[in-house]
Amino acid sequence: MNRLLPLLALLAAVGCQPRFDGLEVTLYSNPPVPVRVSDQEIEMSVGLAVAIDVEPQSSTRFGYYTDDPMTLRSQDRAVLRVEPTENPRRFVLVAVSPGDTCVEIEVLNEDHGCIPATVLAAPN
Amino acid sequence: MRTPPLLLLLMLPACTDSYDHDDSPKYGELGVGAFLYRCPADGDPTCPAGANTAPSFPSALALGSQIDLQYTWQDDEDHFGDPLPQLQSATSARLRDDGSRFTALEPGFVAVLALTGNSEVVDFVHLEISAIDELRVVSGDDPIPLLKLDLLTGEEQDLQGLVVDLRDTRLGGILPYSWVSEDPAVLELVSGSNSGRARVRAVNSGTTNLTVTQGEHTLTLPVAVELGSNSASDSDSASDSTGSTDSTAGTTADTDATGGTSSGTTADTDATSGSSGTTGGVL
(Lines give C-alpha, C1' and ligand atoms only; values in the text may rest on other atoms or scores of the structure.)
Protein backbone atom coordinates (compact mmCIF):
# COMPACT_ATOMS: atom_id res chain seq x y z
CA MET A 1 0.00 0.00 0.00
CA ASN A 2 2.81 2.40 0.93
CA ARG A 3 4.32 1.88 -2.46
CA LEU A 4 1.14 3.18 -4.09
CA LEU A 5 1.14 6.44 -2.14
CA PRO A 6 3.40 8.40 -4.52
CA LEU A 7 1.31 7.26 -7.47
CA LEU A 8 -1.88 8.28 -5.71
CA ALA A 9 -0.37 11.66 -4.80
CA LEU A 10 0.67 12.18 -8.42
CA LEU A 11 -2.78 11.28 -9.70
CA ALA A 12 -4.36 13.62 -7.15
CA ALA A 13 -2.03 16.43 -8.17
CA VAL A 14 -2.82 15.97 -11.84
CA GLY A 15 -6.51 15.84 -11.11
CA CYS A 16 -6.39 19.19 -9.29
CA GLN A 17 -4.83 20.98 -12.25
CA PRO A 18 -6.79 22.85 -14.89
CA ARG A 19 -6.86 21.18 -18.27
CA PHE A 20 -6.64 23.53 -21.26
CA ASP A 21 -9.85 23.59 -23.23
CA GLY A 22 -9.53 26.52 -25.61
CA LEU A 23 -9.48 30.29 -25.22
CA GLU A 24 -12.23 32.77 -24.63
CA VAL A 25 -11.34 35.74 -26.81
CA THR A 26 -13.13 39.07 -26.39
CA LEU A 27 -12.58 42.22 -28.43
CA TYR A 28 -11.58 45.04 -26.12
CA SER A 29 -11.19 47.83 -28.67
CA ASN A 30 -13.37 48.87 -31.60
CA PRO A 31 -11.34 48.97 -34.79
CA PRO A 32 -12.57 51.29 -37.57
CA VAL A 33 -12.94 48.31 -39.91
CA PRO A 34 -14.52 45.01 -38.80
CA VAL A 35 -12.16 42.20 -37.84
CA ARG A 36 -12.71 38.52 -37.10
CA VAL A 37 -11.00 37.38 -33.96
CA SER A 38 -11.73 34.16 -32.06
CA ASP A 39 -9.83 31.18 -30.74
CA GLN A 40 -10.37 29.58 -34.14
CA GLU A 41 -9.27 32.33 -36.53
CA ILE A 42 -7.89 35.86 -36.78
CA GLU A 43 -8.60 37.98 -39.84
CA MET A 44 -7.69 41.65 -40.04
CA SER A 45 -6.94 44.26 -42.68
CA VAL A 46 -3.40 45.54 -42.89
CA GLY A 47 -2.64 48.58 -40.77
CA LEU A 48 -5.20 47.84 -38.07
CA ALA A 49 -4.56 47.18 -34.40
CA VAL A 50 -7.05 45.55 -32.09
CA ALA A 51 -6.89 44.84 -28.38
CA ILE A 52 -8.24 41.48 -27.19
CA ASP A 53 -8.86 40.02 -23.78
CA VAL A 54 -8.00 36.34 -23.57
CA GLU A 55 -9.01 33.84 -20.92
CA PRO A 56 -7.86 30.21 -21.00
CA GLN A 57 -10.68 27.75 -20.38
CA SER A 58 -10.36 24.57 -18.39
CA SER A 59 -12.27 21.34 -18.93
CA THR A 60 -11.87 20.38 -15.28
CA ARG A 61 -13.51 22.04 -12.34
CA PHE A 62 -10.18 23.64 -11.55
CA GLY A 63 -9.86 26.82 -13.55
CA TYR A 64 -6.80 28.90 -14.34
CA TYR A 65 -5.65 31.62 -11.97
CA THR A 66 -5.45 35.13 -13.37
CA ASP A 67 -1.73 35.19 -12.69
CA ASP A 68 -1.05 31.91 -14.45
CA PRO A 69 1.43 32.83 -17.15
CA MET A 70 0.00 32.97 -20.63
CA THR A 71 1.61 34.00 -23.87
CA LEU A 72 0.40 34.55 -27.40
CA ARG A 73 3.21 34.53 -29.94
CA SER A 74 3.05 35.20 -33.67
CA GLN A 75 4.99 32.82 -35.89
CA ASP A 76 5.61 35.66 -38.34
CA ARG A 77 5.82 39.14 -36.86
CA ALA A 78 6.31 40.61 -40.32
CA VAL A 79 2.67 39.65 -40.99
CA LEU A 80 1.00 39.94 -37.59
CA ARG A 81 2.45 41.18 -34.33
CA VAL A 82 0.99 40.13 -31.00
CA GLU A 83 2.11 42.58 -28.34
CA PRO A 84 1.61 42.39 -24.58
CA THR A 85 0.01 45.15 -22.52
CA GLU A 86 0.13 46.08 -18.85
CA ASN A 87 -2.76 43.66 -18.34
CA PRO A 88 -1.35 40.09 -18.61
CA ARG A 89 -4.60 38.86 -20.18
CA ARG A 90 -4.80 41.65 -22.76
CA PHE A 91 -2.91 41.58 -26.05
CA VAL A 92 -2.78 43.89 -29.05
CA LEU A 93 -2.86 42.32 -32.50
CA VAL A 94 -1.15 44.48 -35.11
CA ALA A 95 -1.71 43.67 -38.79
CA VAL A 96 1.64 44.57 -40.35
CA SER A 97 1.55 43.22 -43.90
CA PRO A 98 -0.69 40.96 -45.98
CA GLY A 99 -0.17 37.25 -45.50
CA ASP A 100 -0.89 34.24 -43.33
CA THR A 101 0.64 33.15 -40.08
CA CYS A 102 -0.33 31.40 -36.86
CA VAL A 103 -0.54 32.69 -33.30
CA GLU A 104 0.88 30.21 -30.82
CA ILE A 105 -0.82 29.76 -27.47
CA GLU A 106 1.22 29.02 -24.38
CA VAL A 107 -0.44 28.60 -20.98
CA LEU A 108 1.49 27.59 -17.85
CA ASN A 109 4.53 27.09 -20.09
CA GLU A 110 2.72 24.48 -22.16
CA ASP A 111 2.01 24.82 -25.87
CA HIS A 112 -1.62 24.55 -26.88
CA GLY A 113 -1.51 24.85 -30.65
CA CYS A 114 -1.97 27.99 -32.66
CA ILE A 115 -4.70 30.19 -34.13
CA PRO A 116 -4.51 30.64 -37.92
CA ALA A 117 -4.24 34.35 -38.77
CA THR A 118 -4.73 36.17 -42.04
CA VAL A 119 -3.85 39.78 -42.75
CA LEU A 120 -5.81 41.09 -45.70
CA ALA A 121 -4.44 43.53 -48.22
CA ALA A 122 -7.85 44.74 -49.26
CA PRO A 123 -8.28 48.50 -49.01
CA ASN A 124 -9.83 49.47 -45.72
CA MET B 1 -39.79 84.83 -9.95
CA ARG B 2 -38.82 81.22 -9.77
CA THR B 3 -36.49 80.19 -12.59
CA PRO B 4 -37.79 77.10 -14.32
CA PRO B 5 -35.36 74.18 -14.10
CA LEU B 6 -35.37 73.81 -17.89
CA LEU B 7 -34.20 77.41 -18.26
CA LEU B 8 -31.42 76.78 -15.76
CA LEU B 9 -30.41 73.71 -17.69
CA LEU B 10 -30.27 75.72 -20.91
CA MET B 11 -28.27 78.46 -19.22
CA LEU B 12 -25.66 76.06 -17.92
CA PRO B 13 -23.86 75.42 -21.22
CA ALA B 14 -23.90 79.13 -21.98
CA CYS B 15 -22.12 79.87 -18.72
CA THR B 16 -19.38 77.32 -19.25
CA ASP B 17 -16.28 78.19 -21.19
CA SER B 18 -16.86 75.98 -24.18
CA TYR B 19 -14.88 78.15 -26.58
CA ASP B 20 -11.40 77.73 -25.28
CA HIS B 21 -8.48 76.84 -27.49
CA ASP B 22 -7.00 74.12 -25.36
CA ASP B 23 -5.48 71.30 -27.29
CA SER B 24 -8.10 68.69 -27.96
CA PRO B 25 -6.33 65.36 -28.10
CA LYS B 26 -7.54 62.10 -29.49
CA TYR B 27 -7.84 59.63 -26.66
CA GLY B 28 -6.16 56.31 -27.16
CA GLU B 29 -8.31 53.27 -27.74
CA LEU B 30 -7.05 51.65 -24.54
CA GLY B 31 -7.94 54.79 -22.59
CA VAL B 32 -4.53 55.19 -20.97
CA GLY B 33 -3.54 58.46 -22.60
CA ALA B 34 -4.08 60.78 -25.47
CA PHE B 35 -2.45 61.60 -28.78
CA LEU B 36 -1.75 65.20 -29.75
CA TYR B 37 -1.60 66.31 -33.38
CA ARG B 38 1.28 68.63 -34.07
CA CYS B 39 2.00 70.55 -37.24
CA PRO B 40 5.73 70.31 -37.92
CA ALA B 41 5.64 73.39 -40.14
CA ASP B 42 3.29 76.20 -41.03
CA GLY B 43 0.66 75.46 -43.63
CA ASP B 44 -1.41 72.57 -42.29
CA PRO B 45 -5.02 73.79 -42.23
CA THR B 46 -5.61 71.57 -39.19
CA CYS B 47 -3.46 73.87 -37.03
CA PRO B 48 -4.66 77.45 -36.66
CA ALA B 49 -2.30 80.13 -37.93
CA GLY B 50 0.59 80.51 -35.54
CA ALA B 51 -0.25 77.36 -33.57
CA ASN B 52 1.70 74.13 -33.77
CA THR B 53 -0.96 71.96 -32.14
CA ALA B 54 -4.27 71.20 -33.75
CA PRO B 55 -7.47 71.88 -31.80
CA SER B 56 -8.73 68.51 -33.04
CA PHE B 57 -7.65 65.69 -35.28
CA PRO B 58 -8.65 65.91 -38.95
CA SER B 59 -11.02 63.25 -40.25
CA ALA B 60 -8.23 61.97 -42.47
CA LEU B 61 -4.66 62.71 -43.48
CA ALA B 62 -3.71 63.67 -47.01
CA LEU B 63 -1.73 61.08 -48.89
CA GLY B 64 1.90 62.21 -48.94
CA SER B 65 1.51 64.61 -46.02
CA GLN B 66 3.49 64.79 -42.80
CA ILE B 67 2.41 65.26 -39.21
CA ASP B 68 3.96 65.07 -35.77
CA LEU B 69 2.28 63.10 -33.00
CA GLN B 70 2.86 63.26 -29.28
CA TYR B 71 1.51 61.08 -26.50
CA THR B 72 0.49 62.23 -23.03
CA TRP B 73 -0.68 60.23 -20.05
CA GLN B 74 -4.32 60.72 -19.23
CA ASP B 75 -3.65 60.45 -15.52
CA ASP B 76 -0.20 61.74 -14.63
CA GLU B 77 -0.42 60.37 -11.07
CA ASP B 78 -0.62 56.78 -12.32
CA HIS B 79 2.44 57.31 -14.48
CA PHE B 80 4.43 59.77 -12.39
CA GLY B 81 8.05 59.53 -13.44
CA ASP B 82 7.32 57.10 -16.26
CA PRO B 83 8.99 58.01 -19.53
CA LEU B 84 6.62 58.80 -22.37
CA PRO B 85 6.09 55.82 -24.66
CA GLN B 86 7.57 55.68 -28.13
CA LEU B 87 5.14 56.06 -31.00
CA GLN B 88 5.28 53.56 -33.82
CA SER B 89 3.27 53.00 -36.97
CA ALA B 90 1.51 49.63 -37.29
CA THR B 91 2.80 49.34 -40.81
CA SER B 92 5.52 51.56 -42.21
CA ALA B 93 4.40 50.81 -45.77
CA ARG B 94 1.29 52.87 -45.07
CA LEU B 95 2.52 55.37 -42.49
CA ARG B 96 6.26 55.81 -42.16
CA ASP B 97 7.44 56.84 -38.72
CA ASP B 98 10.61 58.65 -37.90
CA GLY B 99 10.45 59.34 -34.19
CA SER B 100 7.47 61.59 -33.69
CA ARG B 101 7.26 62.49 -37.43
CA PHE B 102 4.85 60.47 -39.58
CA THR B 103 4.50 60.45 -43.36
CA ALA B 104 1.31 59.17 -45.01
CA LEU B 105 2.32 56.83 -47.83
CA GLU B 106 -0.75 54.77 -48.70
CA PRO B 107 -4.54 55.27 -48.40
CA GLY B 108 -6.38 53.35 -45.69
CA PHE B 109 -6.56 53.07 -41.94
CA VAL B 110 -3.41 52.71 -39.91
CA ALA B 111 -2.81 52.37 -36.20
CA VAL B 112 -0.18 54.31 -34.29
CA LEU B 113 1.04 52.39 -31.26
CA ALA B 114 2.39 53.83 -28.03
CA LEU B 115 5.02 51.38 -26.77
CA THR B 116 7.02 51.25 -23.57
CA GLY B 117 10.70 50.37 -23.50
CA ASN B 118 9.89 46.69 -22.89
CA SER B 119 7.61 46.56 -25.96
CA GLU B 120 4.32 46.65 -24.09
CA VAL B 121 1.57 48.44 -25.94
CA VAL B 122 0.28 51.19 -23.70
CA ASP B 123 -2.25 52.59 -26.12
CA PHE B 124 -2.98 53.07 -29.78
CA VAL B 125 -5.07 55.16 -32.12
CA HIS B 126 -6.22 54.76 -35.73
CA LEU B 127 -5.72 57.38 -38.41
CA GLU B 128 -7.15 57.36 -41.90
CA ILE B 129 -5.12 58.32 -44.95
CA SER B 130 -7.01 59.50 -48.00
CA ALA B 131 -6.02 60.36 -51.56
CA ILE B 132 -6.31 63.98 -52.61
CA ASP B 133 -9.15 64.68 -55.02
CA GLU B 134 -9.28 68.45 -55.19
CA LEU B 135 -7.25 71.51 -54.26
CA ARG B 136 -8.97 74.56 -52.81
CA VAL B 137 -8.00 77.94 -51.45
CA VAL B 138 -9.78 79.67 -48.60
CA SER B 139 -9.34 83.07 -47.04
CA GLY B 140 -7.95 82.90 -43.54
CA ASP B 141 -10.19 80.69 -41.41
CA ASP B 142 -13.22 81.09 -43.67
CA PRO B 143 -14.08 77.55 -44.80
CA ILE B 144 -15.73 78.65 -48.06
CA PRO B 145 -13.46 78.05 -51.06
CA LEU B 146 -12.46 81.11 -53.06
CA LEU B 147 -13.23 81.28 -56.78
CA LYS B 148 -11.60 84.69 -57.32
CA LEU B 149 -9.87 87.33 -55.29
CA ASP B 150 -10.85 91.00 -55.14
CA LEU B 151 -8.48 93.29 -53.29
CA LEU B 152 -7.76 96.96 -52.82
CA THR B 153 -4.28 98.29 -53.42
CA GLY B 154 -2.07 97.96 -50.37
CA GLU B 155 -4.24 95.25 -48.92
CA GLU B 156 -2.80 91.99 -47.66
CA GLN B 157 -4.66 88.71 -47.55
CA ASP B 158 -3.85 85.42 -45.84
CA LEU B 159 -4.72 82.46 -48.01
CA GLN B 160 -4.91 78.84 -46.97
CA GLY B 161 -4.52 76.02 -49.43
CA LEU B 162 -6.39 72.89 -48.52
CA VAL B 163 -7.08 69.55 -50.06
CA VAL B 164 -10.17 67.36 -49.91
CA ASP B 165 -10.80 63.75 -50.80
CA LEU B 166 -13.58 62.22 -52.88
CA ARG B 167 -15.96 62.44 -49.91
CA ASP B 168 -15.28 66.18 -49.65
CA THR B 169 -13.43 65.62 -46.38
CA ARG B 170 -10.80 68.22 -45.54
CA LEU B 171 -7.50 66.45 -45.21
CA GLY B 172 -4.81 67.25 -42.68
CA GLY B 173 -1.04 67.16 -42.87
CA ILE B 174 1.81 69.28 -44.13
CA LEU B 175 2.11 69.27 -47.92
CA PRO B 176 4.35 71.20 -50.29
CA TYR B 177 2.56 73.99 -52.15
CA SER B 178 3.55 76.49 -54.78
CA TRP B 179 1.96 79.94 -55.06
CA VAL B 180 2.79 82.01 -58.14
CA SER B 181 1.44 85.41 -59.10
CA GLU B 182 1.39 85.90 -62.85
CA ASP B 183 1.97 89.60 -62.44
CA PRO B 184 3.87 90.53 -59.28
CA ALA B 185 3.37 94.19 -60.16
CA VAL B 186 -0.34 93.67 -59.39
CA LEU B 187 -0.21 90.96 -56.72
CA GLU B 188 2.89 89.93 -54.87
CA LEU B 189 3.54 87.07 -52.50
CA VAL B 190 4.61 88.32 -49.11
CA SER B 191 5.26 84.95 -47.45
CA GLY B 192 4.61 81.24 -47.66
CA SER B 193 5.19 80.76 -51.37
CA ASN B 194 5.95 77.06 -50.83
CA SER B 195 3.76 76.35 -47.82
CA GLY B 196 0.06 75.70 -47.46
CA ARG B 197 -0.49 79.15 -46.00
CA ALA B 198 0.53 82.20 -48.02
CA ARG B 199 0.14 85.93 -47.65
CA VAL B 200 -0.38 88.09 -50.72
CA ARG B 201 -0.36 91.85 -51.13
CA ALA B 202 -2.21 93.90 -53.74
CA VAL B 203 0.44 96.22 -55.16
CA ASN B 204 -1.20 98.05 -58.05
CA SER B 205 -4.63 98.08 -59.60
CA GLY B 206 -5.15 95.62 -62.40
CA THR B 207 -5.94 92.00 -62.96
CA THR B 208 -3.82 88.90 -62.81
CA ASN B 209 -3.96 85.25 -61.85
CA LEU B 210 -2.72 83.50 -58.75
CA THR B 211 -1.75 79.92 -59.49
CA VAL B 212 -1.63 77.47 -56.63
CA THR B 213 -0.10 74.05 -57.13
CA GLN B 214 -0.06 71.07 -54.80
CA GLY B 215 1.40 67.95 -56.36
CA GLU B 216 -0.53 67.20 -59.53
CA HIS B 217 -3.38 69.56 -58.59
CA THR B 218 -3.40 73.14 -59.82
CA LEU B 219 -5.86 75.92 -59.12
CA THR B 220 -5.89 79.31 -60.83
CA LEU B 221 -7.60 82.17 -59.05
CA PRO B 222 -8.40 85.32 -61.04
CA VAL B 223 -7.34 88.39 -59.09
CA ALA B 224 -8.74 91.89 -59.47
CA VAL B 225 -7.06 94.77 -57.64
CA GLU B 226 -8.76 98.13 -57.41
CA LEU B 227 -7.38 101.39 -56.17
CA GLY B 228 -7.99 101.58 -52.44
CA SER B 229 -8.84 104.85 -50.71
CA ASN B 230 -7.33 103.81 -47.38
CA SER B 231 -4.80 101.29 -48.52
CA ALA B 232 -2.32 102.19 -45.77
CA SER B 233 -4.71 101.35 -42.95
CA ASP B 234 -5.79 98.16 -44.70
CA SER B 235 -2.21 97.08 -44.93
CA ASP B 236 -1.66 97.75 -41.22
CA SER B 237 -4.73 95.87 -40.13
CA ALA B 238 -3.81 92.88 -42.20
CA SER B 239 -0.71 92.28 -40.18
CA ASP B 240 -2.60 91.31 -37.05
CA SER B 241 -2.04 87.97 -35.46
CA THR B 242 -5.36 86.53 -36.54
CA GLY B 243 -4.32 86.73 -40.12
CA SER B 244 -7.73 88.03 -41.10
CA THR B 245 -7.91 90.81 -43.58
CA ASP B 246 -10.51 93.45 -43.56
CA SER B 247 -12.82 94.88 -46.14
CA THR B 248 -11.60 92.13 -48.40
CA ALA B 249 -14.02 90.82 -50.92
CA GLY B 250 -13.41 87.54 -52.63
CA THR B 251 -15.70 85.31 -54.56
CA THR B 252 -16.20 82.04 -52.81
CA ALA B 253 -17.88 78.78 -53.46
CA ASP B 254 -20.24 77.06 -51.09
CA THR B 255 -19.67 73.35 -51.15
CA ASP B 256 -22.34 71.05 -49.93
CA ALA B 257 -21.83 67.63 -48.49
CA THR B 258 -22.29 65.99 -51.85
CA GLY B 259 -19.46 67.93 -53.35
CA GLY B 260 -21.70 70.22 -55.35
CA THR B 261 -20.48 73.77 -55.64
CA SER B 262 -22.28 77.07 -55.86
CA SER B 263 -20.70 80.45 -55.84
CA GLY B 264 -21.23 83.42 -53.58
CA THR B 265 -19.54 86.60 -52.52
CA THR B 266 -18.21 87.24 -49.06
CA ALA B 267 -16.73 90.20 -47.28
CA ASP B 268 -15.32 89.94 -43.78
CA THR B 269 -15.99 92.42 -41.03
CA ASP B 270 -13.49 93.13 -38.32
CA ALA B 271 -14.62 95.29 -35.44
CA THR B 272 -11.08 96.27 -34.57
CA SER B 273 -10.33 97.88 -37.87
CA GLY B 274 -13.46 99.91 -38.28
CA SER B 275 -13.99 98.63 -41.79
CA SER B 276 -17.22 96.90 -42.53
CA GLY B 277 -18.75 94.42 -44.84
CA THR B 278 -21.19 91.58 -44.91
CA THR B 279 -20.58 87.92 -44.61
CA GLY B 280 -22.61 85.34 -46.36
CA GLY B 281 -22.91 83.44 -49.55
CA VAL B 282 -25.12 84.68 -52.36
CA LEU B 283 -26.35 81.76 -54.33
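In what follows, chains are A, B, ... by sequence order, proteins preceding strands, each numbered from 1. None of these values were measured; they are calculated from a predicted model.
- Scanning residues 77-88 of chain A against chain B with a 4.5 Å heavy-atom cutoff picks out A/R81, A/E83, A/P84, A/T85, A/E86, ordered by number.
- Between A/A51 and B/F124 the shortest heavy-atom distance is N-CZ, 3.8 Å.
- Proximity of a side-chain donor or acceptor of B/H126 to a complementary backbone N or O of A/A49 within less than 3.5 Å is detected.
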**Request:** In sequence, state the C-alpha distance, the side-chain angles, and the governing distance for A/N30 and B/E29, and then conclude on side chain to side chain contact (heavy atoms under 4.5 Å, CB included).
**Result:** CA-CA 8 Å; A/N30 293 306; B/E29 294 175 35; 6.0 Å; no
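- With a 4.5 Å cut-off on non-hydrogen atoms, B/L115 touches chain A through its side chain but not through its backbone.
- Counting only heavy atoms from C-beta outward, the side chains of A/P31 and B/F109 never approach each other to under 4.5 Å.
- Looking at A/F91 and B/V121, their side chains never come closer than 4.5 Å, going by heavy atoms from C-beta outward.
- For chain B, the nearby part of A/V94 is the side chain; its heavy atoms alone come within less than 4.5 Å.
- Heavy-atom contacts from other residues, nucleotides or ligands closer than 6.0 Å to CD of B/Q88 number more than 12.
- For CZ of B/R96, the number of neighbouring non-hydrogen atoms (other residues, nucleotides, ligands) closer than 6.0 Å is 12 at most.
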